[in-house]
A.B. asks: 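Following this message is one structure expressed as structure tokens.
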Amino acid sequence: MPVYNSDIAEIFEKVADLLEIEGANQFRVRAYRDAARTIRSLSRSLTDLIEEEEDLTELSGIGEDLAGKIQEIVETGELDQLERLTRQTPADLAKMLEISGLGPKRVRSIHEDLGVSNLKQLRAAASEGRIQELDGLGPKTESKILEDLEKRDGEQQRTLLAVAEEFTGPLVEYLREEDAVERVEVAGSYRRRKETVGDLDILVISDQGEKVAEHFVNFEDVEEVVSQGETRASVVLRSGLQVDLRVVVEQSYGAALMYFTGSKAHNISLREMAVEKDLKINEYGVFPADGDQEQEDSIAGESEQEIYRLLDLPFIVPELREDRGELEAAREDQLPELITLDDLKGDLQTHTQASDGRNTLREMAEAARELGYEYLALTDHTGYLGVTQGLEGDEVLERMEEIQALDEELDDIVLVKSMEVDILEDGSLDLPDEILDQLDLVVGSIHSHFNLSREKQTERILRAMDHPQFNILGHPTGRRIHEREPYRIDLEKVIEGALDRGCFLEVNAHPSRLDLKDTHCQLAVEKGLKLAISTDAHSTDELRLMAYGVDQARRGWVTPDDVINTRPWKEFQALLNGS
DNA sequence: GCCGTTTTCGGCCCGACTGTTTTCAGTCG
């Protein structure tokens, strides 16, 4: 049973929770959390790194001790320290940390003074009024705990970026209606273009914070006001999405935008760099470390550029601000020139009415032409999938003739004869060779037998890529965010296999797929593999989803050169033919 | 527990809001 990075990160997070409740040194707790974060954002598996005898202490936030603990987890699947901790402190206490308003101190006191060890007992204690008897806690906190416990039944989760965007427009527009509002920016993971957002972080420039906060909490979609002050406020919308508002004056715009964009890890690293230069960064600006904090003493803060410059760094785009090596790269002037939407010359996975799409071939072609594409691959499904009414045998050949005919008619866009071919359980392709030979582009995808072992699934994909006509592996891990886990594969082997065979991996741009994900893109690029960014559009409207694929690729450090469909048609064609 | 162009010991990002207090601890982002 292989141990995954996420397993190790989870163990470290549990250790951190329990240590925190025990009242351990906060910096020691932070070390475990930092390590967990580093591990989660790693593109390579720790199991492999250990196998190759790499030095784990090279990783940021991993020292001798934690490297040893990682080794222990990889070898035994568990961590002795965690077992010991759970004997002292019930592991269920950690769940109480998730209740808003409860941190380690309060959880500890509730446990020690009331004997409460799990959420059920917490609910009982709260409804019996025993919580408010404790020192430093009162009736308000108690009723808030009860409220949160009730709400948890409908488990809140992160919101897809594309869904969050729907809520953002009207809210931003509403904020602008208030005269005191000079400028509105949506920051946070939204600005970093993360695939999901936990909440929305909105920055407003104004010198009348209180007025703006008041206007904000009166938005028609607000269900609950969590907090409200002179410079910040938090609300929960009817959709369940939390929105945090922060108001600062113009002179602090850059500092506040940086602070509110995050990531938290990136900001902490920046602040540490500032400390080394005897400076202090907060959301109002950059100040001398020991000086006053009056606004006029600010050395920088109006723009993000200015703050980076003060730290001898070039501007770092929000998508890279994850503390995943961007600061080191910036210091060495090695930041990648990231791909943009404009770089793409074509879409390489689309569907029409011929299988499960909504529009006709012609409608798709015209929509792609309007987007300014040079080429478009029409990749309807093959027959294996009953539900999608894929094409078989002669139908495929007829289809290719249709594509060719329309291609000849339209002289300003190339229509690529292609199919999304099912990869069958044994790794063979769902079309006979003589038909595959007729295609200009083959996208191979897995749509069945998701539960094979990691070895078998990897082998299946490698065998499919062995076929000389195979070009692009569609949605390589098969995940659907919040809906379906990725199938188990050894992605590193798949990437190396693709390199060996002259194949490419897809970055599927659909907002609920985004597959490859950001760290996978980064791994592929590091290994020198080229990617295809495709929408998997099932209608003309969905061709516009390309932007999400580009966002994801940018988060994965992808440059235009790393992507095959940034090439003009002739070059692209040559690339497919392996030259 | 990690880490080092002042350090191998002594630091470790920074501020707002709430609820409970009567000056602040705890929580949160």
A.B. asks: Classify the side-chain pair D323(A)/S269(A) by whether it contains a donor and acceptor separated by less than 3.5 Å.
C.D. replies: yes
A.B. asks: Can you tell me how far C1' of dT21(B) sits from CG of L137(A), to the nearest Å?
C.D. replies: 13 Å
A.B. asks: For E147(A) and dT18(B), give me the distance from atom CD to atom P, rounded to whole Å.
C.D. replies: 15 Å
A.B. asks: Map F27(A) and E230(A) onto DNA chain B by nearest heavy atom, then report which one ends up closer to the 5' terminus.
C.D. replies: F27(A)
A.B. asks: What protein N or O atoms touch nucleotides 24-27 of chain B N or O atoms at under 3.5 angstrom, if any, and at what distances?
C.D. replies:
unit_1, atom_1, unit_2, atom_2, d
dT27(B), OP1, G103(A), N, 2.6
dT27(B), OP1, G103(A), O, 3.0
dT27(B), OP1, R106(A), N, 3.1
dT27(B), OP2, K105(A), N, 3.4
dT27(B), O5', G103(A), N, 3.4

A.B. asks: More than 12 non-hydrogen atoms from neighbouring residues, nucleotides or ligands closer than 6.0 Å to CD on E83(A), yes or no?
C.D. replies: yes
A.B. asks: Is I62(A) touching bases, backbone alone, or none of the nucleic acid, heavy atoms closer than 4.0 Å?
C.D. replies: sugar-phosphate
A.B. asks: Students often get this wrong, so: under 4.0 angstrom with heavy atoms, is F260(A) touching a base, only sugar-phosphate, or nothing?
C.D. replies: nothing
A.B. asks: Roughly, in whole Å, what's the span from CZ in R30(A) to P in dG29(B)?
C.D. replies: 17 Å
A.B. asks: Do any side-chain nitrogens or oxygens of K264(A) fall under 4.0 Å of OP1 or OP2 in dC28(B)?
C.D. replies: no
A.B. asks: Between K14(A) and Y32(A), does any side-chain donor sit less than 3.5 Å from a side-chain acceptor?
C.D. replies: no
A.B. asks: Taking atom types as modelled and ignoring hydrogens, do the side chains of Q132(A) and E142(A) form a donor-acceptor contact shorter than 3.5 angstrom?
C.D. replies: yes
A.B. asks: Using a cut-off of less than 4.0 Å, is there contact between a side-chain N or O of K69(A) and OP1 or OP2 of dG1(B)?
C.D. replies: yes
A.B. asks: Taking only the side-chain nitrogens and oxygens of T231(A), find out if one of them lies under 4.0 Å from OP1 or OP2 of dC17(B).
C.D. replies: yes
A.B. asks: Starting at atom CZ of R37(A), determine the distance to atom P of dC2(B), rounded to an integer number of angstrom.
C.D. replies: 14 Å
A.B. asks: Where does the angle between the aromatic ring planes of F315(A) and Y308(A) fall among parallel (under 30°), tilted (30 to 60°) and perpendicular (over 60°)?
C.D. replies: perpendicular
A.B. asks: Anything under 3.5 Å between a protein N or O and an N or O of nucleotides 6-11 of chain B, put it in a table, one pair a line.
C.D. replies:
none

A.B. asks: Hey, is the side chain of Y284(A) poking within less than 4.0 Å of OP1 or OP2 on dA16(B), counting only N and O atoms?
C.D. replies: yes
A.B. asks: Take L66(A) and R246(A), find for each the nucleotide of DNA chain B with the closest heavy atom, and name the residue whose nucleotide sits nearer the 5' end.
C.D. replies: L66(A)
A.B. asks: Taking only the C1' atom of each, what is the distance from dC13(B) to dC28(B) in whole angstrom?
C.D. replies: 14 Å
A.B. asks: Does CZ belonging to R484(A) count more than 12 external heavy atoms closer than 6.0 Å?
C.D. replies: yes
A.B. asks: If only side-chain N and O atoms of R271(A) are considered, is one of them under 4.0 Å from the OP1 or OP2 phosphate oxygen of dC13(B)?
C.D. replies: no
A.B. asks: Indicate whether the side chain of H266(A) and that of E322(A) have a donor and an acceptor atom separated by less than 3.5 Å.
C.D. replies: no
A.B. asks: Can you measure R232(A) atom CZ to dG29(B) atom P for me and round it to whole angstrom units?
C.D. replies: 9 Å
A.B. asks: Which whole number of Å gives the distance between the C1' atom of dT8(B) and that of dC3(B)?
C.D. replies: 9 Å
A.B. asks: Does R183(A) make a cation-pi contact with Y253(A) (under 6.0 Å, within 45 degrees of the axis)?
C.D. replies: yes
A.B. asks: Which is true for Q26(A) with a 4.0 Å heavy-atom rule: it touches a base, it touches only sugar-phosphate, or it touches nothing?
C.D. replies: nothing
A.B. asks: Mind jotting down which residue pairs meet the ring pair (Phe, Tyr, Trp, His ring centres under 6.0 Å) criterion with at least one end in residues 47-92 of chain A? Sequence neighbours excluded, please.
C.D. replies: none
A.B. asks: Testing the 3.5 Å rule here: is there a donor-acceptor pair between the side chains of D518(A) and Q522(A)?
C.D. replies: no
A.B. asks: Can you see if the side chain of N282(A) gets near the phosphate of dG15(B) - specifically, an N or O under 4.0 Å from OP1 or OP2?
C.D. replies: yes
A.B. asks: Contact class for N25(A) (heavy atom, under 4.0 Å): base, sugar-phosphate, or nothing?
C.D. replies: base
A.B. asks: Within 45 degrees of the axis of the six-membered ring of Y190(A) and under 6.0 Å from its centre: does R193(A) put its NZ or CZ there?
C.D. replies: yes
A.B. asks: Mind calculating the distance between CD1 (I281(A)) and C1' (dG15(B)) to the nearest angstrom?
C.D. replies: 14 Å
A.B. asks: Measure CZ/F216(A) against P/dC17(B) and give the value in whole Å, please.
C.D. replies: 13 Å
A.B. asks: Roughly how far apart, to the nearest Å, are dC17(B) and dC12(B) at atom P?
C.D. replies: 25 Å
A.B. asks: Could you please name the partner base of dT8(B), counting Watson-Crick and G-U wobble pairs only when both distances are under 3.5 Å?
C.D. replies: none
A.B. asks: Please report the distance, rounded to the nearest Å, between CG in D244(A) and P in dC28(B).
C.D. replies: 12 Å
